[in-house]
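A quick write-up on the structure given underneath.
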Amino acid sequence: MTIIRTVEELKTIYDGTSEASIAKVTGSLTAEYRLMIEASPFLALATVGPEGMDCSPRGDKGGVVRVGDDKTLLLPDWRGNNRVDSLLNIVRDPRVALMFLIPGSNTTMRVNGRAVVSVDADLLQSFEMDGKHPRTVIVVEIDEVYFQCARALMRSELWNPANFVEPASLPTPGVLLKAAKAEFDQETYDREWAARAAKTMW
């Protein structure tokens, strides 16, 4: 296997950055970028810590984040598995990267910045959903924001229903867990999962 070892070698293969790929990067939200981000119900949150990197899916009814101002995004931390990998990383290393998906659109939005984990009572209260509140809110300060070329989503035909995978053809969460831990009770987990998730969405 031939491996690229230097930046110079890499640049000989990937040459000729377009004007658009540079011009699209801004240090804060434009009105148009704000519209795109507010339309997104889902993002992937990448963080880094002493043990390595983590990438976590985040989703919410309506917009996945609230825009605080043109430099600030607010991401409530709703119920999950309590591993808190992202939060553990952020309190030790504030660097974060976010990628927003918008159902039906091949344009994604990307944000790089720094984050803190807030337990401000008024902020938590402001995110009330079904009478519940997030335990923390991730506050992201934007360093740069830009839209991503649509080719990846176009190639994958991500939003084409004809390409949707039939869930029954995939391993269930219980099966995945049993594969990782042989003595795990997959039948009970799968049987109770839907009801448990419905009661603990927020």
Side-chain angles (χ1 to χ4, degrees), residues 1-59 64-65 67-75 77 80-81 83-118 136 138-160 163 165 170-171 176 179-180:
M1 183 184 298
T2 304
I3 305 296
I4 297 294
R5 302 291 185 187
T6 69
V7 171
E8 290 72 25
E9 288 177 308
L10 192 62
K11 286 186 175 181
T12 64
I13 300 171
Y14 296 95
D15 192 21
T17 304
S18 70
E19 178 185 3
S21 67
I22 302 299
K24 66 184 178 182
V25 180
T26 62
S28 59
L29 293 175
T30 64
E32 293 76 15
Y33 281 174
R34 177 172 182 154
L35 285 173
M36 296 290 290
I37 284 175
E38 289 180 332
S40 172
F42 177 89
L43 64 81
L45 169 66
T47 59
V48 61
E51 296 82 14
M53 301 186 69
D54 181 71
C55 188
S56 172
R58 302 293 171 128
V64 65
V65 298
V67 175
D69 55 45
D70 65 1
K71 289 284 290 184
T72 309
L73 301 177
L74 306 171
L75 174 61
D77 188 64
N81 57 21
R83 284 181 55 105
V84 297
D85 296 309
S86 299
L87 303 182
L88 286 169
N89 281 348
I90 289 170
V91 299
R92 296 175 294 174
D93 188 325
R95 292 175 295 170
V96 295
L98 295 78
M99 185 177 72
F100 296 83
L101 294 180
I102 305 169
S105 172
N106 287 328
T107 300
T108 57
M109 292 298 301
R110 295 177 61 176
V111 169
N112 295 321
R114 287 156 290 135
V116 295
V117 179
S118 173
T136 60
I138 300 170
V139 181
V140 178
E141 181 180 353
I142 296 171
D143 288 333
E144 57 181 12
V145 53
Y146 52 96
F147 69 94
Q148 181 68 31
C149 165
R151 291 186 184 90
L153 271 67
M154 292 170 67
R155 283 191 293 262
S156 66
E157 297 187 8
L158 185 64
W159 310 120
N160 183 352
N163 294 333
V165 175
L170 299 172
L176 294 171

Verdict with supporting geometry, F100 and M36, side-chain contact (heavy atoms from CB on, under 4.5 Å): CA-CA 9 Å; F100 296 83; M36 296 290 290; over 6 Å; no
Non-hydrogen atoms of G113 and D143 that approach each other most closely: CA-OD2, 3.5 Å
N/O donor-acceptor pair under 3.5 Å between K71 side chain and I142 backbone: yes
Interatomic spacing from CG in L45 to CG in L75 - rounded to 0.5 Å: 6.5 Å
E19 CD: over 12 foreign heavy atoms closer than 6.0 Å: no
Main-chain N/O of I102 paired with S40 side-chain donor or acceptor, under 3.5 Å: no
Worked verdict on T108 versus R110 for side chain to side chain donor-acceptor pair (under 3.5 Å): CA-CA 7 Å; T108 57; R110 295 177 61 176; over 6 Å; no
Side chain proximity check, L43 to I37, heavy atoms < 4.5 angstrom: no
Flag, side chain of S21 to backbone of S18, donor-acceptor distance under 3.5 Å: yes
Side chain K11, main chain T6, donor-acceptor under 3.5 Å: no
Reported CG-to-CZ distance for the pair D93 and R114, which is rounded to 0.5 angstrom: 11.5 Å
Min side-chain heavy-atom separation V65-V140 under 4.5 Å: no
Residues which pass side chain to side chain donor-acceptor pair (under 3.5 Å) with D70, listed by chain and number, not counting sequence neighbours: none
Heavy-atom side-chain proximity of I13 to I4 below 4.5 angstrom: yes
Closest heavy-atom pair and its distance - A97, N112: CB-OD1, 3.4 Å
Spatial distance of atom CE (M109) from atom CD (E32) [nearest 0.5 Å]: 10.0 Å
Rounded distance [0.5 Å steps], CG in N106 versus OG in S156: 7.5 Å
Separation between CZ of R34 and CG of L73, rounded to the nearest 0.5 Å: 9.5 Å
Closest non-hydrogen atom pair between T30 and T26, with its separation: CG2-CG2, 4.1 Å
Pair V139-T72, side-chain contact (heavy atoms from CB on, under 4.5 Å): steps then yes or no: CA-CA 7 Å; V139 181; T72 309; 3.8 Å; yes
Closest approach of V96 to A115 (non-hydrogen atoms, all atoms of both residues): CG1-CB, 3.8 Å
Side chain to side chain contact (heavy atoms under 4.5 Å, CB included) partner of I138, the single match among L98, V116, I90: I90
Lys NZ or Arg CZ of K24 over F147 ring: under 6.0 Å, within 45°: yes
Value rounded to 0.5 Å, distance of CG in L153 from OG in S105: 8.0 Å
Check against side-chain contact (heavy atoms from CB on, under 4.5 Å), V48 and N89: CA-CA 6 Å; V48 61; N89 281 348; 5.5 Å; no
Stepwise salt bridge (charged side-chain N to carboxylate O under 4.0 Å, His left out) check, R5 with E9: CA-CA 7 Å; R5 302 291 185 187; E9 288 177 308; over 6 Å; no
Side-chain heavy-atom pair V145, L29 within 4.5 angstrom cut-off: yes
Side-chain (W159) to main-chain (P103) donor-acceptor, under 3.5 angstrom: no
